[in-house]
Protein chains: 2
Amino acid sequence: MTSAEPSTRDRIVNAASDLFYGEGIRAVSVDAVAEKAGVTKRTLYYHFASKDDLIAAYLRQREQPNLARFRRWYAEAEGGAAEKTRAVFRNLARAASRPSWKGCAFLRTSAELANMPGHPAIRIGVAHKKDFESWFAAMFAAEGLDDAAQLARQVVILLDGAFAVVLLNRDPAYMDAAGDAAFSLVSGALARR
Amino acid sequence: MTSAEPSTRDRIVNAASDLFYGEGIRAVSVDAVAEKAGVTKRTLYYHFASKDDLIAAYLRQREQPNLARFRRWYAEAEGGAAEKTRAVFRNLARAASRPSWKGCAFLRTSAELANMPGHPAIRIGVAHKKDFESWFAAMFAAEGLDDAAQLARQVVILLDGAFAVVLLNRDPAYMDAAGDAAFSLVSGALARR
DNA sequence: CTATGTATACCGACTAGTGAGTGTAATCAA
DNA sequence: TTGATTACACTCACTAGTCGGTATACATAG
């Protein structure tokens with residue numbers, strides 16, 4: 001019954017998440033985030049040292065749910081590693097057909113902050129993609145594949161390519177084409193096993 | 001001997017290109033572009049109706065050289081279609097190791113303008129990627145591949161994935177991993193021919 | 001059981017600067 | 001004369017970040 005009111009800090013991060021993901025980081029002002037959170041800007045700056053700090057919090061918040069979702073899609077899919085990998089892309093195609101879908105938050109942030117290589121947000125993105133790649137590598141290694149690491153890397157590239165291309169042309173068919181490519185690569189590796 | 005002085009308009013577009021590509025569209029002001037072009041803001045607005053108009057001109061200017069460069073890389077590479085495709089990624093890996101490299105202008109623009117789906121710049125990006133895909137499809141069809149269109153699409157996804165990932169982690173090894181994946185896919189298709 | 005201190009969380013109003021875009025009059029070259 | 005350009009002042013909305021102050025809670029000292 002206690003509805004677990006989110007803390008002020010969480011409300012700010014949630015507002016930032018909605019706006020930064022939906023509109024882009026540079027397109028959204030700190031004032032807009034504060035207003036959406038129902039908080040004054042002064043309070044926002046009480047909880048976060050700067051906009052950059054808020055950006056970092058926005059990405060950190062997305063890391064775990066993102067990973068969990070992909071893991072779930074993989075686990076719940078029927079078939080072997082190749083089918084499971086393709087299923088991830090299928091689920092993503094479904095998600096990407098919603099208008100509110102705006103690609104991968106980490107990739108878009110790195111595109112926006114390309115002129116700030118050491119930015120905390122970039123580092124968070126790098127770590128997240130590395131976690132992702134390691135997880136895929138573990139899945140593939142469990143199938144007894146020698147080149148699990150290389151394969152995982154290629155699947156991640158396909159995933160991110162699909163993110164980027166579908167964000168551009170809004171055609172989810174590209175997501176499935178990427179899934180088919182991943183399927184080919186994984187089943188090829190399994191056949192060579 | 002005539003050094004072919006660029007027109008004022010071209011100087012403005014070149015300045016915009018340097019700054020937009022290097023810093024990001026939203027991070028660069030119209031004043032900064034005018035100053036870099038050695039022109040008053042009023043002159044800039046004589047040639048372009050708005051910043052959005054200038055953004056579109058920036059991307060239009062990059063289309064043809066971009067395509068030409070990739071065509072050249074493909075044409076000059078040794079070997080068959082699979083090797084030639086991989087060579088494109090190798091060349092890109094070399095380009096991407098320069099610090100001034102900041103990924104794909106079209107993809108980064110679509111990430112920055114994700115909240116403006118109908119923006120002219122987005123449309124230019126979509127058309128450019130489509131041209132790219134068609135060109136690859138023609139190359140593969142020339143090898144007598146039935147699934148040239150699907151294959152071209154997958155190669156483009158790998159290319160764009162490599163763009164996105166390497167922009168994030170600045171590790172050109174990912175470019176080569178993508179090239180290896182493209183090589184696998186193309187040579188697999190050739191073997192099934 | 002008051003009084004004082006201290007830490008957390010919060011706010012309204014503000015600063016100093018930047019954003020895109022405009023108005024206008026003057027200059028320059030063909 | 002016409003198209004291109006400059007100089008520069010200007011608008012108006014917005015931007016990241018700050019100043020000074022307040023309300024509450026929970027201490028501990030007298």
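The figures here come from the full heavy-atom set of this structure, side chains too, leaving out hydrogens, waters and symmetry mates. The chains referred to below are lettered A, B, ... by the order of the sequence lines, with proteins before strands, and numbering in each begins at 1.
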**Asked** For Asn115(B), which residues count as a side chain to side chain donor-acceptor pair (under 3.5 Å) partner, sequence neighbours excluded?
**Response** Glu23(A)
**Request:** Determine whether Phe183(B) and Val156(A) fall in the same hydrophobic cluster, where Ile, Leu, Val, Met, Phe, Trp and Tyr are linked whenever their side-chain heavy atoms lie under 4.5 Å apart.
**Result:** no
Could you work out, with side-chain contact (heavy atoms from CB on, under 4.5 Å) as the rule, every residue matching [X], not counting sequence neighbours?
X         : value
Ala105(A) : Tyr21(A), Tyr58(A), Leu59(A), Arg62(A)
Lys36(B)  : Ala15(B), Asp18(B), Leu19(B)
Glu35(B)  : none
Ala56(B)  : Arg60(B), Pro120(B), Ile124(B)

**Item:** Nucleic acid footprint by protein, nucleotides 24-30 of chain C - heavy-atom cut-off 4.0 Å, B for base, S for sugar-phosphate alone
**Value:** B------
**Rounded interatomic separation in angstrom, taking CG from Asp31(A) and C1' from dC11(C)** = 14 Å
**Asked** In whole angstroms, how far is the C1' atom of dG12(C) from the NZ atom of Lys41(A)?
**Response** 12 Å
**Asked** Which class fits the ring pair Phe132(A) and Phe136(A): parallel under 30°, tilted 30 to 60°, perpendicular over 60°?
**Response** tilted
**Request:** Name every residue in residues 8-30 of chain B that has at least one heavy atom under 4.0 Å from any atom of DNA chain C, in order of residue number, or write none if there are no such residues.
**Result:** Val28(B), Ser29(B), Val30(B)
**Message:** For DNA chain C, which residues of residues 43-59 of chain A approach it to below 4.0 angstrom with any heavy atom?
**Reply:** Thr43(A), Tyr46(A), His47(A)
**Prompt:** Among Leu151(A), Leu185(A), Leu145(A), which one satisfies side chain to side chain contact (heavy atoms under 4.5 Å, CB included) with Leu190(A)?
**Reply:** Leu145(A)
**Message:** Considering only residues two or more places apart or on different chains, which pairs with a residue in residues 172-185 of chain B satisfy side chain to side chain donor-acceptor pair (under 3.5 Å)?
**Reply:** Glu133(A)-Tyr174(B), Gln150(A)-Asp180(B), Arg153(A)-Tyr174(B)
**Item:** side chain to side chain donor-acceptor pair (under 3.5 Å) partners of residues 63-85 of chain B, not counting sequence neighbours, each pair once
**Value:** Trp73(B)-Asn91(B)
**Complete:** The complete set of salt bridge (Lys or Arg N to Asp or Glu O under 4.0 Å) pairs with one or both residues in residues 109-132 of chain A, sequence neighbours excluded, reads Lys129(A)-Asp160(A)
**Asked** Passes side chain to side chain contact (heavy atoms under 4.5 Å, CB included), Arg108(A) versus Ile25(A)? Steps please.
**Response** CA-CA 9 Å; Arg108(A) 271 179 60 213; Ile25(A) 288 176; over 6 Å; no
**Request:** Using a strict 4.0 Å threshold on nitrogen-to-oxygen distance, state whether Asp146(B) and Arg193(B) make a salt bridge.
**Result:** no
**Item:** Between the first and last five pairs of the helix from dC1(C)-dG30(D) to dA30(C)-dT1(D), the angle of the axes, rounded to 10 degrees
**Value:** 20°
